[in-house]
> 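Supplied in structure tokens, the structure appears directly below.
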Amino acid sequence: MANMSSLWILSASITGVVGTLLWIFKIRNQQHRIHFEKRIEGLGNKIEVHKCQIFARTEMLNGYDFLKYNLKEVLISQDVIGIVKEKERNFHQRTNP
């Protein structure tokens, strides 16, 4: 008789532990799923913002007339910067002692 009651207590304990573990697993899965859904939603929002920015930049570039501006004039060495002049001076000093 004592053997039967201890067996019943053991099986009830095991069932309780297994049930508790399953409940914890279920709660953690729900938390992970919610976190994942929020992250995916945030990434989707970021993608939409970037798409809008790319569209706006493309529209601005499409409106820019590249033929109207001479890029060679922009690339001419400027005395204010002085970088190109300094490099030229160093080059001439090395080649013409």
Side-chain angles (χ1 to χ4, degrees):
M1 188 78 154
N3 214 3
M4 243 353 204
S5 63
S6 63
L7 184 62
W8 186 84
I9 292 173
L10 180 64
S11 65
S13 298
I14 290 173
T15 304
V17 169
V18 169
T20 304
L21 290 175
L22 287 174
W23 180 72
I24 290 171
F25 179 74
K26 179 182 175 186
I27 296 296
R28 283 195 175 184
N29 265 356
Q30 286 176 346
Q31 290 173 346
H32 287 300
R33 184 179 45 80
I34 290 169
H35 174 73
F36 181 73
E37 287 173 357
K38 284 182 182 179
R39 179 146 189 224
I40 293 297
E41 182 180 340
L43 290 174
N45 291 339
K46 286 182 180 180
I47 289 172
E48 287 302 316
V49 167
H50 292 302
K51 281 182 181 179
C52 290
Q53 290 177 354
I54 289 171
F55 177 76
R57 291 176 182 159
T58 303
E59 288 296 311
M60 294 177 114
L61 282 174
N62 288 341
Y64 185 78
D65 186 10
F66 287 101
L67 297 176
K68 183 177 178 183
Y69 301 99
N70 187 355
L71 294 180
K72 288 184 180 181
E73 292 176 7
V74 175
L75 298 176
I76 291 176
S77 170
Q78 299 176 9
D79 292 332
V80 178
I81 296 175
I83 296 171
V84 175
K85 296 288 183 185
E86 185 67 31
K87 286 183 179 180
E88 288 176 4
R89 197 175 312 126
N90 289 339
F91 177 75
H92 289 299
Q93 287 175 353
R94 280 187 267 136
T95 56
N96 300 328

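All values reported here derive from a predicted model rather than from experimental measurement. The figures that follow rest on heavy atoms only: side chains count, while hydrogens, waters and symmetry mates do not.
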> Do I27 and I24 land in one hydrophobic cluster if side-chain heavy atoms of ILVMFWY residues count as linked below 4.5 Å?
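Yes; I24 is reachable from I27 via cluster members.
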> In terms of hydrophobic clustering (I, L, V, M, F, W, Y; side-chain heavy atoms under 4.5 Å; direct or indirect links), are V18 and I9 co-clustered?
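Different hydrophobic clusters.
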> To the nearest 0.5 angstrom, please state how far the CZ atom of R57 sits from the NE2 atom of H50.
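Answer rounded to 0.5 Å: 9.5 Å.
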> Side chain to side chain contact (heavy atoms under 4.5 Å, CB included) with R33: which of Q30, Q31, H35?
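Only one option passes, and that is Q30.
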> If you measure from CD1 on I14 to CG on L10, what distance do you get to the nearest 0.5 Å?
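Here the rounded value is 4.0 Å.
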> I want to check something: taking the side chain as every heavy atom from C-beta on, are F25 and L21 in contact at a cut-off of under 4.5 Å?
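They are not in side-chain contact.
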